[in-house]
Amino acid sequence: MARGGDGPDEADHTVALDLEELILGAPRRYTPYQAARTAEVPMELATRFWRAMGFPDIGQQRALNDGDVIALRRLAGLVESGLINESMAIQVARSTGQTTARLAGWQMDTFLENLTQAAEPGLTRAEVAYPLVELLLPELEQFLIYVWRRQLAAVTGRVVQAAEDTEITSGRLAVGFADLVGFTRLSRRLEEEELGELVETFESTCADLIAGQGGRLIKTLGDEILFVSEDPVTAAEIALSLVETLTDEENIPALRVGMAFGTVTSRMGDVFGTTVNLASRLTSIAQRDAVLIDGEFAAALEQAGAAAQGAADGTGSTQAQLADALAAHSGVPLGSMGRAAGAAGAPRFQLQAMWRRPVRGLGLVEPWLLSRRAKPAR
């Protein structure tokens with residue numbers, strides 16, 4: 001945009017540049033080539049870092065500052081020191097860029113939408129934005145660092161407690177998908193603001209419940225969430241609590257949940273593998289307000305003494321068969337501890353074997369319906 005006029009476009013452009021300088025703490029100074037040369041980083045590598053962080057190519061615009069040079073130097077320095085290789089440095093840039101892009105958009109949408117509505121008559125959003133950002137920036141920055149350190153401590157703790165390196169990237173996890181039923185049809189009837197409020201309520205309710213019970217929210221996909229837990233019992237409790245909690249939300253559609261237990265590959269904060277695919281497929285065939293799990297998940301719950309099953313469909317399966325299935329798959333026999341746990345107290349979950357059915361890409365699958373066990377009448 002050309003400078004030199006006094007119209008609205010020129011004013012908006014000036015405010016945008018002023019806001020950028022306020023947030024970044026330095027004025028524009030370098031072209032990409034000049035920034036790379038100052039940081040003593042090859043232009044090709046600097047471009048890869050920049051794209052990995054999620055920013056577009058800017059040609060020869062003088063749009064970078066001293067902070068960009070320092071960031072390039074730090075990333076390149078980690079590679080030069082041998083602490084990480086170039087591929088890892090790109091992954092660090094990409095994971096940080098993708099995460100913070102969503103965070104920044106979410107925060108600014110929230111603050112600017114809510115806090116500029118009460119602006120005095122005659123003031124534009126641009127005029128309100130600068131003092132608002134000036135006040136919020138230092139507080140948000142410190143809070144971001146605090147939360148990041150807390151999350152890093154939690155992840156590091158899980159890593160160092162893993163018995164082997166393979167457990168870090170290919171461990172056994174309980175994986176769950178929770179999906180809003182009929183969301184696509186509903187979205188066509190709702191106004192954009194109503195739809196946004198529905199998604200926000202769904203995501204925030206699920207996130208709070210999952211975190212509070214010790215699970216990990218991997219990602220949200222609008223009408224669907226993906227979560228994991230090292231403990232199948234915890235995952236089962238989360239799934240049923242999600243259904244129960246959201247049932248009480250008047251404006252939230254019915255929920256369905258699918259879960260599987262097994263080996264999962266973790267990478268870049270996401271999870272992959274057959275177990276994840278199976279959980280997704282089970283979600284797609286679950287009924288409204290129902291939780292479906294795979295046979296290995298059911299066996300793990302039985303082994304922990306957390307579930308009893310009823311053969312309502314006439315299959316005649318027993319708890320012992322569930323335990324045998326788990327032992328056969330994992331090679332670990334069900335010891336006295338698992339059986340004692342079941343005998344020590346009444347299981348809290350009920351399992352019901354459903355009809356076997358073919359699932360695309362996964363062959364024949366026998367789902368289990370998970371529910372809470374009814375308390376005996378006194």
Side-chain angles (χ1 to χ4, degrees), residues 1-3 9-81 83-113 125-126 129-130 132-134 136-149 151-152 155 218-222 267-270:
M1 185 178 300
R3 301 178 65 92
D9 287 345
E10 172 63 19
D12 289 345
H13 181 61
T14 302
V15 170
L17 288 176
D18 289 343
L19 277 169
E20 178 186 290
E21 186 171 334
L22 170 67
I23 294 170
L24 297 180
R28 296 182 174 188
R29 182 178 177 183
Y30 305 101
T31 66
Y33 175 77
Q34 291 170 337
R37 185 177 61 183
T38 304
E40 299 180 347
V41 176
M43 184 62 193
E44 181 183 356
L45 181 58
T47 301
R48 293 183 65 197
F49 283 152
W50 188 250
R51 291 173 178 173
M53 285 185 282
F55 300 119
D57 296 339
I58 56 176
Q60 289 306 307
Q61 296 182 51
R62 197 178 293 273
L64 305 182
N65 60 35
D66 291 326
D68 299 302
V69 172
I70 293 171
L72 285 176
R73 182 65 249 150
R74 282 177 172 163
L75 268 178
L78 288 173
V79 176
E80 293 167 4
S81 68
L83 290 173
I84 60 176
N85 58 35
E86 188 174 306
S87 176
M88 292 171 63
I90 296 295
Q91 290 182 22
V92 168
R94 180 170 291 114
S95 62
T96 306
Q98 290 179 357
T99 302
T100 52
R102 186 184 181 198
L103 174 64
W106 193 348
Q107 289 180 335
M108 281 301 98
D109 285 346
T110 299
F111 289 122
L112 293 179
E113 179 68 26
R125 170 165 290 186
Y130 191 95
L132 178 61
V133 171
E134 190 174 27
L136 286 173
L137 185 62
E139 301 302 323
L140 290 177
E141 182 178 22
Q142 292 302 314
F143 187 68
L144 173 62
I145 294 172
Y146 158 75
V147 175
W148 173 72
R149 285 182 177 272
Q151 293 286 4
L152 189 62
V155 173
I218 299 298
K219 59 186 175 184
T220 60
L221 305 169
R267 191 172 182 83
M268 296 286 287
D270 207 343

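Index from 1, following the sequence. Worth saying up front: this structure is predicted, and the values here are computed from it rather than measured.
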Ala63 and Ile58: which non-hydrogen atoms are nearest, and at how many Å? CB-CD1, 3.8 Å
For residues Phe49 and Ala93, report the shortest heavy-atom separation together with the two atoms involved. O-CB, 4.1 Å
Looking at Asn65, Asp68, Asp66, which hits side chain to side chain donor-acceptor pair (under 3.5 Å) with Tyr30? Asp66
Minimum heavy-atom separation for Pro32 and Gln60, please, with both atom names. CD-CA, 4.3 Å
Residues Ala46 and Val41: closest non-hydrogen pair is N-CG1, 3.9 Å
Distance col, row Leu144:CG vs Gln142:CD, nearest 0.5 angstrom, shows 9.5 Å
Could you tell me whether the side chain of Gln34 reaches within less than 4.5 Å of the side chain of Arg29, counting heavy atoms only? no
Point-to-point distance, once rounded to the nearest 0.5 Å, from CD1 of Ile70 to CG of Leu75: 12.5 Å
Look up atom CZ in Arg28 and atom CG in Leu17, then write down how far apart they are to the nearest 0.5 Å. 5.0 Å
If we only count heavy atoms from C-beta on, is the Thr47 to Asp57 side-chain gap below 4.5 Å? yes
As a quick check of understanding, evaluate side chain to side chain contact (heavy atoms under 4.5 Å, CB included) for Met53 and Thr96, giving each step before the final call. CA-CA 7 Å; Met53 285 185 282; Thr96 306; over 6 Å; no
Atom of Gly97, atom of Thr100 and distance for their closest heavy-atom approach: O-OG1, 3.4 Å
Separation between CG (Leu132) and CG (Leu137), nearest 0.5 Å, reads 10.5 Å
Hey, is the main chain of Val92 close enough, under 3.5 Å, to the side chain of Ser95 for a donor-acceptor pair? yes
Checking Asp18 side chain against Glu21 main chain: does a donor-acceptor pair fall under 3.5 Å? no
Report the distance from atom CG of Asn85 to atom CD of Gln91, rounding to the nearest 0.5 Å. 8.0 Å
Looking at every non-hydrogen atom in both residues, tell me the closest pair between Glu80 and Arg73 and how far apart they are. OE1-NH2, 2.6 Å
